[in-house]
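For ligands, and for the atoms within them, numbers begin at 1 and follow the listed sequence.
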Amino acid sequence: MSRLIVVSNRVSLPRDTGGGSVGGLAAALGAALREHHGVWFGWSGETTPQYTGQIAMERIGDVTLARVDLEPVDVDEYYNGYANKTLWPLFHDRIDLTAYERSFDAGYARVNARFAEALAALIGPDDLIWVHDYHLAPLARELRALGVKNRIGFFLHIPWPARQLLVTLPGHRKLVEALFHYDVVGFQTQDNLSAFTGYLSKEIGVGTPDDHGMVAAFGRRTRLGAFPIGIKADDFSDGALSQGGQESFARMQESMAGRRMIVGVDRLDYSKGLEERFLAYEQFLATQEAQREKVFMLEIATLSRDAVEAYQDLRGRLDAIAGRVNGAYGTMDWVPLRYVNTGYRQDELAGIYRAAAVGLVTPLRDGMNLVAKEYVASQDPEDPGVLILSRFAGAAAQMGSALIVNPYDRDEVSGAIQRALTMGYAERRRRWEKLMDNVVTEDIVAWRESFVDALKGEVRTPAARLANDAA
Ligand code: GDG
């Protein structure tokens with residue numbers, strides 16, 4: 001039987017206990033791997049003075065973890081540098097925050113080459129290899145150079161930027177060319193896929209993909225597709241009713257003292273629109289006097305990438321806005337904005353989501369946004385809350401029954417909060433049912449199966465396969 005080898009920057013199964021920042025990628029892959037008896041390869045998160053390429057193998061349940069340590073300079077140049085100071089901001093439309101240094105580029109190439117060398121030793125002839133995210137775009141090219149002939153797929157969890165932005169990146173062509181060493185390249189949404197094919201057409205002169213998503217460029221053929229990631233819905237619908245979920249629900253209810261809660265849950269990241277969200281909520285408090293003391297907002301923002309200056313700056317600004325809002329509007333027994341950097345267990349989160357009348361998910365740009373789906377899955381079907389969702393989250397393409405907002409428009413977001421809080425029961429339920437239907441149908445299993453099927457080449461025409469083998 002062919003194994004599935006998943007490769008991502010960090011290898012860390014989502015913890016059931018304790019807080020910390022559990023990214024969407026870790027949450028999604030943990031579920032997929034457990035169902036597939038997979039091997040998960042990547043960085044351990046640890047550093048070593050001198051790179052050894054030694055792989056630490058560990059078996060957890062049905063999943064084998066294979067981890068390598070990196071040198072501190074790798075972490076600076078590859079992870080904090082090229083991945084998080086160059087690609088992340090650029091791919092989230094923040095060219096103002098995008099830093100480009102040659103050393104970052106060199107570190108990115110070096111770590112991808114090292115990963116390929118270590119990984120090649122683990123690959124069996126029938127294994128399928130599934131590479132995740134922007135940290136590892138060049139990995140297939142490096143593996144091919146080592147003679148690896150297996151089918152290799154790449155899934156991008158973050159948006160693909162518009163061509164006009166991508167061309168500001170020195171070496172953009174090399175980055176795109178590297179993707180053609182994969183058999184399948186997957187994006188979150190059709191819009192992201194169109195941005196990619198738009199680049200191919202304008203910059204490389206390549207035609208549109210055929211009906212199977214096959215496109216030829218740089219002397220190779222690759223299948224392109226949109227594979228919107230989902231969640232394991234019952235982790236949240238059942239999680240909210242588990243002991244931990246019920247306890248956190250009850251604890252929230254008690255502390256709410258009859259008030260209604262608006263909830264936000266995010267990694268502390270400028271792409272998530274936290275600053276704009278706080279300002280919109282401030283506007284809501286300023287304009288909806290009758291709602292004061294009747295509602296509060298809980299923002300759970302777990303710290304992330306705090307070695308990067310832009311994240312430290314954002315944290316400072318959020319602290320200031322939260323302090324100002326609470327100073328201006330708070331009373332002796334009402335804190336209008338509860339802002340915490342603590343992480344919670346997943347079952348606790350489910351209970352918190354369920355206790356919230358409004359889920360406020362307003363990223364400025366987001367590949368998908370799993371929190372929107374988790375909020376919906378955690379609701380009480382008899383008394384569901386209302387989801388407010390940014391049009392710039394990938395999830396908006398599937399979740400049109402949410403209140404869709406422009407996160408840059410404070411008046412609109414403030415108005416949507418008021419509308420959500422005053423929405424009649426029938427509409428609230430109708431909207432939630434449609435959202436829940438999508439969350440359950442297009443779930444994590446559907447995502448994994450559709451990508452893995454594409455990776456196996458099952459939906460490709462014989463002609464396309466022959467052409468690729470010949471390349
Ligand atoms: C990337 C893309 C895409 C947050 N705080 C806690 C906690 N979380 C979990 C949430 C959710 C995850 O983290 C965040 O997922 P997102 O999808 O919102 O965002 P990113 O981390 O930026 O993920 C994103 C995703 O990849 C998947 O493809 O959707 O667009 O940027 O699952 O629940 N989990 C726990 N405690 C917390 O305090 N347990």
Side-chain angles (χ1 to χ4, degrees), residues 6 8-10 12-32 83-84 87-89 91-94 130 132-135 154-160 186-189 191-192 226-233 235-236 239-240 244-245 248 263-274 298-305 311 340-353 359-378 387 389-390 392-399 439 442-444 447-448 451:
V6 165
S8 68
N9 168 57
R10 278 294 295 274
S12 52
L13 279 182
R15 279 155 289 174
D16 297 325
T17 54
S21 172
V22 181
L25 176 59
L29 286 182
N84 288 333
L87 292 181
W88 177 273
F91 279 44
H92 289 86
D93 299 353
R94 293 298 301 269
W130 187 4
H132 290 262
D133 236 359
Y134 57 103
H135 315 83
F154 179 78
F155 182 76
L156 184 68
H157 289 258
I158 66 174
W160 185 270
F187 300 91
Q188 296 272 25
T189 64
D191 270 3
N192 294 160
F227 303 87
I229 196 168
I231 61 165
K232 200 157 173 278
D235 273 359
F236 289 87
S248 84
V263 77
V265 175
D266 306 80
R267 274 187 312 98
L268 201 159
D269 192 298
Y270 48 80
S271 67
K272 302 293 181 186
L274 292 167
L298 170 64
E299 175 59 49
I300 299 173
T302 43
L303 298 184
S304 169
R305 305 176 193 167
Y311 289 74
V340 300
N341 300 129
T342 318
Y344 293 89
R345 294 192 319 262
Q346 195 177 67
D347 58 342
E348 288 177 322
L349 266 193
I352 294 169
Y353 286 139
L360 192 51
V361 181
T362 54
L364 305 180
R365 194 95 162 100
D366 217 333
M368 177 55 62
N369 196 296
L370 298 178
V371 170
K373 299 185 173 188
E374 294 166 2
Y375 175 76
V376 167
S378 304
L387 175 66
L389 179 61
S390 162
F392 305 119
Q398 297 163 295
M399 304 182 87
V439 168
E442 297 183 26
D443 68 351
I444 183 91
W447 170 72
R448 187 250 295 159
F451 192 93

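For ligand 1, the atoms sitting less than 4.0 Å from at least one non-hydrogen atom of Gly343 are 38 (O), numbered in the order shown with element in parentheses. Taking a cut-off of under 4.0 Å to the non-hydrogen atoms of Val265, the atoms of ligand 1 that pass are 4 (C), 5 (N). Against a heavy-atom cut-off of under 4.0 Å, Arg267 is close to the following atoms of ligand 1: 20 (P), 21 (O), 22 (O).
Counting heavy atoms from C-beta outward, Phe91 and Leu156 have side chains that approach closer than 4.5 Å.
Remark: the backbone N or O of Pro363 is paired with a side-chain donor or acceptor of Ser390 at under 3.5 angstrom. The closest donor-acceptor contact from the side chain of Glu442 to the backbone of Gly230 lies at 3.5 Å or more, if one exists at all.
The heavy atom nearest to atom 6 (C) of ligand 1, considering only Leu349, Asp366, Asn369, is found in Leu349. Of all the listed residues (Leu370, Ile444, Thr342), Leu370 holds the heavy atom that lies closest to atom 17 (O) of ligand 1. When Lys272, His157, Gln346 are checked for heavy-atom proximity to atom 20 (P) of ligand 1, Lys272 turns out nearest.
In this structure, Gln188 has a heavy atom closer than 4.0 Å to ligand 1. Note on ligand 1: Trp88 sits in its first shell, one or more heavy atoms being nearer than 4.0 Å.
Side-chain contact of Asp269 with Ser271: a donor-acceptor pair under 3.5 Å is present, judged by distance alone.
Checked by distance only, ligand 1 and Met368 come closer than 3.5 Å through their nitrogen or oxygen atoms. Residue Gly367 has at least one N or O atom closer than 3.5 Å to an N or O atom of ligand 1. Between Asp266 and ligand 1, a contact under 3.5 Å exists for no N or O pair.
Residues satisfying the ring-ring contact (aromatic ring centres under 6.0 Å, His included) test with Tyr353, not counting sequence neighbours, are none.
Taking the six-membered ring for Trp and the full ring otherwise, the centers of Trp447 and Phe155 sit less than 6.0 Å from each other.
Using cut-offs of 30° and 60° for the angle between ring planes, the Trp130 and His132 rings count as tilted.
Rounding to the nearest 0.5 angstrom, the gap separating the CD1 atom in Ile231 from the CD atom in Glu374 is 5.5 Å.
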